[in-house]
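Working notes, beginning with the structure itself.
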Amino acid sequence: MSKRITIALMGNPNSGKTTIFNNLTGARQHVGNYPGVTVEKKEGYLRYKKHEITVVDLPGTYSLTAQSEDEIVARNFIVEEKPDVVIDIVDASNLERNLYLAVQLMELGVNLIIALNMSDLAKKMGLRIDEKKLSELLAVPCIPTVATRKQGMEELLEKALALNERKALSRREPIRYGKEIEEEIRKIEEIVRRDGELGEKYAPRWIAVKLLENDEEVREKVKASAFGQEILSQVEKSSAHLESVFGEEVEAVIPDRRYGFISGACSQAVKKSYEVRHTISDRIDRVFLNRILGLPIFLGLMWLMFKLVFKLSEPMMGWIEGFMGWLGNFLGNLLPEESLIHSLVVDGIIGGVGSVLVFVPIIFLLFLAIAILEDSGYLARGAFIMDRLMHKIGLHGRSFIPMMLGFGCNLPGIMATRVIEDKKARLVTILVNPFMSCGARLPVYTLFVGAFFSERHAGNVLFSLYLLGILVAIVMAKLFRKYLFKGAPMPFVMELPPYRMPTLKGALLHMWERGVVYLKKAGTVIFAGCILIWALSNFPYNIQYSRNYQALIEKVRDKEELVIKLKNEQAEEKLEKSFAGRIGKSISPLFKPLGFGDWKPAVALMAGFIAKEIVVGTLGTLHAVGEGEESLRGALRKEKWPDGRKVWTPLVAYAFMVFVLLYIPCVATIGVIYRETNSFRWPLFAAFYTTGIAWILSFMVFQGGKILGLG
Ligand code: GDP
Ligand code: MG
């Protein structure tokens, strides 16, 4: 028994459609008109391997917008008659322009084959199209053909039959329009789906995109449907919102994204493109994506960005610090001196949460800079440039932006991995993200670098820590890819959207979305954590002071000074006997081989699980020093073991910073890993393997340094 299938031929005018149509069907043709219009309807027939195939030669179009009668006829045929297979015939010598139609057909979700026709001309022009790569990137089979010489016809038919058998839509959403637009698409789609008839006949996503593109035809269809009013009013709202974000109409942004997708795909799959689109974007890209200049320019810009962010945030951090100090004083004066509540509010809550809030400027500025780079289209170039390097460690260029965000805060970084469709690559990106030294680790470095390294070396020490984090991430990603999540990364198009002027609103919005994650962390997990740490270090409340302070009393003559010293000594003893002190003492032997086996750093590291910046505040509390980093630095420098050796040397400090950089991600990060992977396995794994690596590297630093005579 033979099967009947329908194949529709689409393509830009003059791409060779009619030639292919004739090749396939020979003389068995029928020419008529589509009802109601003057557009010619050409159908032909052939038998191939027990299939009765009807081939329809649709009018040539550049696009599927309903601009002309031809376009409407072609589109309606595809949407309403639903041919089994659509062959899009593209002029391979003019690939980028021709692929615009292909991309729209992909969006329609049809069973698509791309015929790379005129491949003889393309070759002559020096274009080398890697059709295998292109097929992978687009998730659509691409077959080179030369219609005039009947080359590739058999392959087209074979592929068409195979595709028809599977009825496979290998990937549903080839193009993502970015977070904002996607969000609006989703809203519209949802209402369309509710409208049974509409949602069944057309792909809801396609309807949503078309409505945002202001497609008259689709509008008319929707208007007539049951939920028409509701859908259109949502479209209106969405369009207005998007226009305010992008600073131009969304119907202009959507085609840009499509071209960005095509441009990226072609840059990856076509060698030596003679097809020079003389747009501004292309001219800029000739420099930014240059094989030799691209990477140095990119690294330079990144360096500049970090430099600028650190410089600009410095004074703002001062203001916040000042404000928190004032607030602590103000509330402290309202509360009874020396009382538990005073200590809870001033030291526990304001001290703890304040130490986190200080980093708001640095994190928000970093996210603002990233948002500007992202909205302008440059960050996509960065990902493109990094793509090849990322592939070397088994990841994809798309893993790059999450890593960048990780330098601000690992939470938004991990959340941003959602754009990575390849599950394994995504998991690896999540698992190594905590090695990106986030803003919270900076205060720990600042404290120790300031205390133990000269100003001349400070910058290098800091830089070496960031670099170490990146190196560990690279090595781990490679190992994961080799042993845990085997397989090469799935190919994806790295979009190259045209450059555009970022809008203030858009940039601020993007900054806010990611920054607010950090604020939430300060308001919830860290708030609770600070109270916990405070409680652990204040209870048991009434202890017996056992030390003999006689020596102190004899030594210090000045009465006021004596009172302060006594208070400090007692505070230290109280801490030592508190729950925190006891826990610290019991785990501190673990850190002996790393150089910092004292109970105080052990407690600080435990507290750092709540948020790494708390390490500093905890050390401050444990050393019973008042406000200000200067005094804590001094206290650390002076701290001695009972045998008189210094507890902290530059080597120990460095080993400690390495440990803080690498060990267990903060509890909020662990929580996000749980949420994003939806399993307990990965957060647990992340907690243990990072700590293991931290211990090993810290050990190597400390013991190695000792052998080299550095400590
Ligand atoms: P249509 O407008 O898409 O129907 O395109 P046609 O089939 O009419 O072809 C347009 C022109 O391109 C004709 O002159 C064809 O001979 C020529 N042509 C079609 N396919 C090829 C090909 O693969 N290579 C070359 N060199 N010319 C082709
Ligand atoms: Mg024709």
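Note that ligands are numbered from 1 as they come in the structure, with each ligand's atoms numbered from 1 the same way. Remember, it's a predicted structure, so these values are computed and weren't measured experimentally.
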Check your understanding: Does ligand 1 have any atom that is closer than 4.0 Å to a heavy atom of G11?
Key -> no
Review point. Does Y378 have its ring centroid less than 6.0 Å away from the ring centroid of Y499?
Key: no
Check your understanding: What atoms in ligand 1 come closer than 4.0 Å to a heavy atom of D120?
Key -> 22 (C), 23 (O), 24 (N), 25 (C), 26 (N)
Check your understanding: Which of these, A147, S119, G152, has its nearest heavy atom closest to atom 23 (O) of ligand 1?
Key -> A147
**Study point:** Atoms in ligand 1 flagged as close to L121, the criterion being non-hydrogen separation under 4.0 Å
**Key:** 26 (N)
Check your understanding: Can the ring centroids of F384 and F288 be said to lie less than 6.0 angstrom from one another?
Key -> no
**Study point:** Expected output: side-chain N117 to main-chain I89 donor-acceptor under 3.5 Å
**Key:** no
Exercise for review: Using a strict cut-off of 4.0 Å, indicate which atoms of ligand 1 neighbour a heavy atom of T19.
Suggested key: 6 (P), 7 (O), 9 (O), 15 (C), 19 (C)
Point to revise | Ion pair check, K159 and E155, cut-off under 4.0 Å | key: no
Review point. Who's closest to atom 3 (O) of ligand 1 heavy-atom-wise, of K17, Q151, K150, K42?
Key: K17
Point to revise | Nitrogen or oxygen atoms of M118 and ligand 1 under 3.5 Å apart | key: yes
Exercise for review: Have a look at ligand 1 and work out which part of T18, if any, has a heavy atom under 4.0 Å from it: side chain, backbone, both or neither.
Suggested key: both
Exercise for review: Report yes if some N/O of G16 lies less than 3.5 Å from some N/O of ligand 1; otherwise report no.
Suggested key: yes
Point to revise | Salt bridge flag under 4.0 Å for residues K133 and E136 | key: no
Point to revise | Side chains of E180 and H510, donor plus acceptor under 3.5 Å | key: yes
Check your understanding: Checking ring-ring contact (aromatic ring centres under 6.0 Å, His included) for the pair F261/Y177: CA distance, chi angles, key distance, verdict?
Key -> CA-CA 10 Å; F261 177 84; Y177 289 99; 9.4 Å; no
